[in-house]
Amino acid sequence: MSTNENPPSSNFIRHIIDNDLKENKNNGKVATRFPPEPNGYLHIGHAKSICLNFGIAEEYKGTCNLRFDDTNPEKESDEYVQAIMRDVQWLGFQWSELRHASDYFEQLYDYAVQLIKDGKAYVDSLSAEQIRAYRGTLTEPGKESPDRNRSVEDNLDLFKRMREGEFADGQYVLRAKIDMASPNINMRDPALYRIRRVHHQRTGDKWCIYPMYDYTHCISDALEGITHSLCTLEFEDHRPLYDWVLDQLKTPSHPQQIEFARLQLKYTIVSKRKLNQLVTEKHVSGWDDPRMPTIAGLRRAGFTPKSIRDFCERIGVTKQNSWIEMGVLEYCIREDLNENAPRAMAVLRPLRVVIENYPEDKTEYLEISNHPQKPEFGKREIAFSRVVLIEQDDFAEVPPPKYKRLVEGGEVRLRGTYVIKCNQVIKDADGNITELRCTYDPDTLGKNPEGRKIKGVIHWVAEAHSRPAELRLYDRLFKVPNPDNEENFLEALNPNSLEVLTDCRVEASLADAKPESRYQFERTGYFCLDAKDSVGGKLVFNRTVTLRDTWEKN
RNA sequence: UGGGCCGUCGCCAAGCGGUAAGGCACGGGGUUUUGAUCUCCGCAUACCAAGGUUCGAAUCCUUGCGGCCCAGCCA
């Protein structure tokens with residue numbers, strides 16, 4: 001289970017549970033479940049639900065099952081099942097029991113037979129279009145199907161033959177007999193079973209009828225002894241149906257459904273249909289593209305499980321529709337990585353600096369600490385010699401006001417080493433700066449020069465002692481706060497969401513970086529070694545997030 | 001225009017009749033060999049609005065206003 005140091009904050013669901021416990025409801029037990037449909041990868045919105053369900057189970061010493069809601073085989077697959085299990089565990093949670101709604105198909109069928117026997121369900125021959133027409137509208141009641149009063153015997157017979165495959169897909173449907181005039185449309189005789197000749201990833205071709213969500217979910221919860229069935233707000237209108245089904249049947253328990261607001265993050269989408277489209281139409285490299293709001297994408301970008309858990313804790317759980325700013329997620333990952341990522345140096349856009357008064361054949365191995373505030377992170381050796389590479393941005397011919405980096409005639413410290421002074425700017429025929437000729441002050445290693453203040457410190461690598469690397473700079477995938485509002489969300493894609501830098505140089509110690517290891521590249525951001533593309537000695541780093549920058553903002 | 005739900009700082013969010021927590025963001029000072037981190041300070045006489053009940057209301061009542069969800073044989 002997870003180990004979040006931040007104590008969970010109170011929310012209305014915990015209040016309800018506290019109250020239930022006080023009244024000894026459910027004999028003091030707390031049982032939750034996380035019920036994803038395996039029709040896509042898990043995303044940050046699921047993380048909220050996972051943290052809530054598993055977190056509550058943990059806090060109340062209860063249980064939390066992972067249950068796949070696999071009642072619609074058309075869209076579901078084992079690839080998704082595997083990915084979901086991997087992501088839940090990576091987030092730091094372990095389910096009490098692994099279940100599938102399809103484990104209950106036989107029982108679900110028996111319960112349906114019971115409903116029919118009790119006159120609470122009937123087989124309808126209306127087509128999908130007719131059912132829609134009969135349903136009425138939001139303001140007008142629906143009308144009853146001619147089949148609504150079919151005899152129990154006929155219903156039993158037809159339902160059995162539905163299962164046996166006697167009918168074509170869509171020819172019949174099993175419906176609950178509730179109230180066609182209900183102001184709640186979900187109660188106007190909702191479908192319980194449909195005929196669908198589709199291979200199911202777990203049950204194969206055993207079934208040609210599949211139960212609907214509303215019917216399946218409540219019974220699955222009841223069979224598992226779930227006490228608190230947490231779901232998102234759009235299911236609020238379904239709660240009467242959830243309760244109705246369980247009220248008609250002798251299920252082992254009657255869980256309480258509680259709804260909370262789903263996560264909405266600015267500049268992202270979490271619609272599985274749209275995420276799927278991004279993948280299949282190759283707008284991103286896959287479900288785990290670092291720009292994707294999926295758990296797999298966040299992982300590949302370098303987010304830590306802890307930072308995501310922390311994020312879910314910070315945003316709270318309420319019934320209010322709300323939009324979380326990206327800044328909160330960014331804060332969470334920066335906080336974790338600032339604490340736990342070792343520092344290193346990488347030059348994204350190199351500019352050659354020749355230190356003219358430093359001997360050609362000399363190399364010094366200097367010690368530099370891996371974390372400025374944490375001596376326990378230890379030190380590493382870093383090579384310094386006559387030619388170093390600095391960031392192009394760290395030199396300016398015409399510096400903006402308050403610029404504290406290198407300028408012609410000015411001084412700056414190379415992090416962890418000496419103060420250098422720029423004496424000459426070398427340009428090519430087109431006027432591009434190609435090289436800086438500098439001198440260093442040998443008396444500034446580990447101490448400040450006397451009589452002058454060096455304002456700037458810049459990062460660097462020694463040309464001869466650095467390694468080539470590819471750095472991928474990611475930015476938000478969308479350029480508008482709510483892409484879902486766009487007529488076509490694809491037009492809201494940020495064309496600059498990925499910048500690939502192939503001429504970067506990183507310090508030699510990074511040659512041994514392990515896949516998925518995270519570093520702070522000083523002054524530029526947090527990076528994670530890409531586990532997929534760093535092959536054959538090639539170093540590919542993904543930028544997780546930039547460092548907070550109060551200078552660029554002006 | 002039917003039903004369900006929600007309105008507390010720019011964004012989240014505590015609060016549950018006794019006089020507005022906290023976080024993010026933002027602004028300012030200090031420390032710093034990362035313009036990072038850290039640290040200090042500031043940031044709602046005000047809780048969608050208007051009435052009412054009360055010694056006392058963000059909390060209770062009434063009426064408005066605004067937003068979200070529902071008419072799949074999807075979940």
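Lettering of chains follows the sequences in order, A, B, ..., and the numbering in each one begins at 1.
When both pairing distances are held under 3.5 Å, B:A49 makes a Watson-Crick or G-U pair with B:U63. Look at B:C68: its Watson-Crick or wobble partner, with both distances under 3.5 angstrom, is B:G4.
A:Leu233 comes within 4.0 angstrom of no nucleic acid atom, judged by non-hydrogen atoms across all strands. A:Phe235 comes within 4.0 angstrom of a nucleotide base, judged by non-hydrogen atoms across all strands.
For the pair A:Glu74 and A:Glu140, nearest-nucleotide mapping onto RNA chain B gives the more 5' position to A:Glu140. Along RNA chain B, the nucleotide nearest to A:Ser322 and the one nearest to A:Ile458 differ in position, and the one closer to the 5' end is contacted by A:Ser322.
If you take CD of A:Glu37 and P of B:G72, they are 18 Å apart, rounded to a whole angstrom.
Here, B:A20 and B:U34 have their C1' atoms 39 Å apart, quoted to the whole Å. For B:G15 and B:C60, the C1' atoms lie 16 Å apart once the distance is rounded to whole Å. Across the C1' atoms, B:U19 and B:G10 are found 27 Å apart, a figure rounded to whole Å. On the P atoms, B:G42 is 13 Å away from B:A21, given to the nearest whole Å.
Here A:Phe384 and A:Tyr418 bring their ring centres to under 6.0 angstrom of each other. Ring pair A:Tyr213/A:His217: centre-to-centre distance below 6.0 Å.
In this structure, A:Tyr213 does not reach the B:C74 phosphate: none of its side-chain N or O atoms is under 4.0 Å from OP1 or OP2. Here A:Arg548 reaches the OP1 or OP2 of B:U37: one of its side-chain N or O atoms lies under 4.0 Å away. Within the 4.0 Å cut-off from OP1 or OP2 of B:U34, not a single side-chain nitrogen or oxygen of A:Thr524 is found. In this structure, A:Gln320 reaches the B:G7 phosphate: one of its side-chain N or O atoms is under 4.0 Å from OP1 or OP2. An OP1 or OP2 oxygen of B:G72 is reached within less than 4.0 angstrom by a side-chain nitrogen or oxygen of A:Arg135. Look at A:Arg314 and you won't find any side-chain N or O under 4.0 angstrom from OP1 or OP2 of B:C11. Residue A:His15 places at least one side-chain N or O closer than 4.0 Å to OP1 or OP2 of B:G15. For A:Thr550, no side-chain nitrogen or oxygen approaches OP1 or OP2 of B:G35 to under 4.0 Å.
Donor-acceptor pairing under 3.5 Å, judged by distance alone, is absent between the side chain of A:Glu339 and the base of B:U37. Judged by distance alone, with hydrogens and angles left aside, A:Arg523 brings no side-chain donor or acceptor close enough to the base of B:U34 to form a pair under 3.5 Å. For A:Arg334 against B:U37, no side-chain N or O and base N or O form a donor-acceptor pair under 3.5 Å. Applying the 3.5 Å distance criterion, the base of B:C73 shares a donor-acceptor pair with the side chain of A:Arg196. Side-chain N/O atoms of A:Gln373 and base N/O atoms of B:A36 include a donor-acceptor pair closer than 3.5 Å. In this model, a side-chain donor or acceptor of A:Asp237 finds a partner on the base of B:G3 within 3.5 Å. At a cut-off of 3.5 angstrom, counting only N and O atoms as typed in the model, there is a donor on one side and an acceptor on the other between the side-chain of A:Arg405 and the base of B:G35.
Residue A:Val457 places its side chain closer to B:U33 than to any other of B:U33, B:C11, B:A75.
Using a cutoff of 4.0 Å between basic side-chain nitrogens and carboxylate oxygens, A:Arg33 and A:Glu224 are not scored as salt-bridged. Here A:Lys272 does not pair with A:Glu37 in a salt bridge; the nearest charged N to carboxylate O distance is not below 4.0 Å.
Side-chain atoms of A:Tyr134 and A:Asp189 include no donor-acceptor pair closer than 3.5 Å.
For A:Arg196 and A:Tyr210, the positive end is not near the middle of the six-membered ring at less than 6.0 Å and at most 45° from its axis.
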